[in-house]
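Below is one structure, written out as structure tokens; comments come after it.
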Amino acid sequence: GDPGVRVGNSLRLQPCELDENDPEHAEHRWVFFEENGWLRNQHSGLCIGVQGNPGTEQENLVLEECDITTEFVDQSWDFVEPAPQKRTRGFMKNPLSAFCANAYRNPGRIGEVV
């Protein structure tokens, strides 16, 4: 199939495809919109959202239609750095739940659900 184009598709850890000129792997590229906190997939135009009960712990992250109807949607994300002067690493935090995105079960292993 065509990965990353259906609403409800799970996010998983995969090897990075870093070639900007390779349209075959555009599903690996994300656009962050600071004004509303969206992380939108460049390939599908879908946003990262919380499956199930937004604002609760242990829910999966999935692709969803981007929703701008409310101020505190589950698709809003903040990047929180442990050291503000270093923007090279940090946490992807959902302000609705105050929880962070995390690799489930075996962090760092290919194919794990995020």
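Please read all numbers here as calculations on a predicted model, not as lab measurements.
Partners of F32 under the side-chain contact (heavy atoms from CB on, under 4.5 Å) rule, at least two apart in sequence or in another chain, are E34, L39, F79. Remark: V50 pairs with E59, L61, D74, W77, N94 by the side-chain contact (heavy atoms from CB on, under 4.5 Å) rule, at least two apart or across chains.
L46 has its side chain within reach of V7: a pair of non-hydrogen atoms, C-beta onward, lies under 4.5 Å apart. By the 4.5 Å heavy-atom criterion applied to side chains, N9 and V62 are not counted as neighbours. Taking the side chain as every heavy atom from C-beta outward, R40 and F33 approach each other to under 4.5 Å.
Of the possible polar contacts, one joining the S76 side chain to the N36 backbone as a donor-acceptor pair under 3.5 Å is found.
From E64, atom CD reaches atom OG of S44 across 11.5 Å, with rounding to the nearest 0.5 Å.
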*I would like to know whether Q75 and I48 meet side-chain contact (heavy atoms from CB on, under 4.5 Å); could you show each step before the answer?*
CA-CA 6 Å; Q75 297 172 351; I48 296 177; over 6 Å; no
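Sequence neighbours left out, the pairs with a member in residues 30-61 that pass disulfide (SG to SG under 2.5 Å) are C47-C66.
Transitive grouping of hydrophobic side chains (ILVMFWY, heavy atoms separated by less than 4.5 Å) brings L11 and M92 into a common cluster.
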